[in-house]
Trainee: 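Quick one: the structure is below, questions incoming.
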Amino acid sequence: MRFIPMPGVRRILTIMEHHTKNVWLIRHAESIGNAGLATSQPDTITLTEKGVEQALRLADSFMRPPALIVTSPFIRTQQSAGPTIQRFPEARQEQWQVQEFSYLSPARYRDTTITDRKPFVEKYWSRCDPHYIDGEGAESFADFIRRVQQAIDGLWSCQSEFVAVFGHGLFMRGMIWRMLFGAQPVNASTMSSFRHFMAATSMPNTAIIKVDLLANLQEARISNVITTHLTTELITH
């Protein structure tokens, strides 16, 4: 693990010197969309049987209880967090706006697979317009980055010592990218930068990235992607 400076992020100066807050950023377990099956809406996609097993293995990997368990509004993160919530019923539960970056209009999801949507995906990223909205229910890259920053600020400001955030692949990579490179202007250049970072960074289902937030030092310590709780046959993307 290494120290990463965190410019532009709200700090809590009243916390004692060298106080560390532990955060686990966790991608949801394998969904039917990840498995290549057709889906209808981005928020109603459910887990596969393998995804359920991944979520159980993840819950068993906690060596101590989280004080706060965060999920997105999407069903697949709530199902992924289920075994951890059952194991640690005393943990506080909150729903944050850490859902996946839905840059395509939900209308494009109706009875389609990842392969079906690939031409629309390529067209969206090739446009490289951070303020473009694909249609009703979609969000722009600029709106996505605002949500990413809100989540980062929320982690810095919450009082819980150990937080487990169940989120999504693009959103988690957005958080790490923002932590690594800081608050940059949202324009075509930064959107292109994020796309390259996204393509170069793999985050399998139920992968964990551990982030230690050091308040007084105004820094974050970010781990590599962790999948040691999964057997080889359970690693999916």
Side-chain angles (χ1 to χ4, degrees), residues 1-29 55 58-74 77-78 80-101 144-184 197 201 203-204 206-229:
M1 301 175 77
R2 60 196 180 98
F3 285 109
I4 306 295
M6 295 287 291
V9 178
R10 188 191 318 156
R11 312 290 187 237
I12 302 175
L13 300 179
T14 57
I15 296 179
M16 63 189 304
E17 186 176 3
H18 304 312
H19 180 77
T20 302
K21 182 184 302 181
N22 304 124
V23 177
W24 285 17
L25 301 179
I26 304 164
R27 188 188 175 198
H28 64 79
L58 172 69
D60 288 340
S61 72
F62 282 81
M63 302 301 293
R64 62 188 178 101
L68 171 63
I69 297 174
V70 174
T71 62
S72 84
F74 285 12
T77 66
Q78 296 165 18
S80 300
T84 301
I85 291 170
Q86 290 178 3
R87 185 180 173 197
F88 303 112
E90 300 303 316
R92 193 169 77 260
Q93 300 169 40
E94 293 182 1
Q95 189 175 105
W96 292 10
Q97 295 300 306
V98 295
Q99 67 268 25
E100 189 57 291
F101 177 24
F144 165 65
I145 292 301
R146 274 192 285 272
R147 282 199 298 115
V148 165
Q149 189 61 56
Q150 287 170 358
I152 294 172
D153 289 347
L155 290 173
W156 277 101
S157 63
C158 79
Q159 299 302 304
S160 301
E161 302 298 318
F162 179 22
V163 185
V165 182
F166 287 80
H168 303 256
L170 283 184
F171 196 87
M172 296 303 185
R173 279 176 278 187
M175 292 180 72
I176 296 302
W177 177 74
R178 192 75 167 175
M179 290 178 183
L180 286 171
F181 300 107
Q184 306 173 64
F197 179 83
T201 308
M203 193 168 185
T206 69
I208 305 164
I209 295 179
K210 297 182 180 180
V211 180
D212 295 337
L213 302 179
L214 290 85
N216 268 39
L217 297 178
Q218 300 185 356
E219 290 178 339
R221 188 167 58 188
I222 302 174
S223 78
N224 293 324
V225 176
I226 299 167
T227 57
T228 51
H229 55 285

Trainee: The test is side chain to side chain contact (heavy atoms under 4.5 Å, CB included); show your working for T201 and W177 and say whether it passes.
Mentor: CA-CA 10 Å; T201 308; W177 177 74; over 6 Å; no
Trainee: With rounding to the nearest 0.5 angstrom, report the CE to NE2 distance, M175 to H168.
Mentor: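 Here the rounded value is 12.0 Å.
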Trainee: Within the 4.5 Å heavy-atom criterion, are F166 and L58 side-chain neighbours or not?
Mentor: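 A side-chain contact under 4.5 Å exists here.
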Trainee: Calculate, to the nearest 0.5 Å, the distance between atoms OG1 and CD belonging to T71 and E94 respectively.
Mentor: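 Result: 9.5 Å between the selected atoms.
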Trainee: Quick one: sort the F62 and F162 rings into parallel, tilted or perpendicular, breaks at 30° and 60°.
Mentor: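 Tilted.
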Trainee: Kindly compute the distance separating CD (Q93) from OG1 (T84), expressed to the nearest 0.5 Å.
Mentor: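 It comes to 10.5 Å.
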Trainee: So, for R147 and F171, which heavy atoms are closest and what is the spacing to 0.1 Å?
Mentor: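 Looks like NH1-CE1, 3.3 Å.
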Trainee: At what distance, to the nearest 0.5 angstrom, does CG of N22 lie from NZ of K210?
Mentor: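 If we round to the nearest 0.5 Å, N22:CG and K210:NZ are 9.0 Å apart.
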Trainee: To the nearest 0.5 Å, what is the distance between OG (S72) and CD (Q95)?
Mentor: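 Taking OG in S72 and CD in Q95, the distance rounds to 7.0 Å.
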Trainee: For a side chain to side chain contact (heavy atoms under 4.5 Å, CB included) check, start with the C-alpha distance between S61 and I208, then their side-chain angles and the critical distance, and finish with the verdict.
Mentor: CA-CA 10 Å; S61 72; I208 305 164; 4.3 Å; yes
Trainee: When L155 is tested against each of V70, V163, L68 for side chain to side chain contact (heavy atoms under 4.5 Å, CB included), which residue passes?
Mentor: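 So, applying the side chain to side chain contact (heavy atoms under 4.5 Å, CB included) to L155 and each of V70, V163, L68, only V163 qualifies.
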Trainee: Nearest 0.5 Å please: distance from the CE atom of M179 over to the CD1 atom of I222.
Mentor: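 Nearest 0.5 Å value for the CE-CD1 distance: 6.0 Å.
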Trainee: Any heavy-atom pair between the side chains of R178 and I152 that's under 4.5 Å?
Mentor: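 When only atoms from C-beta onward are counted, R178 and I152 do touch, with a gap below 4.5 Å.
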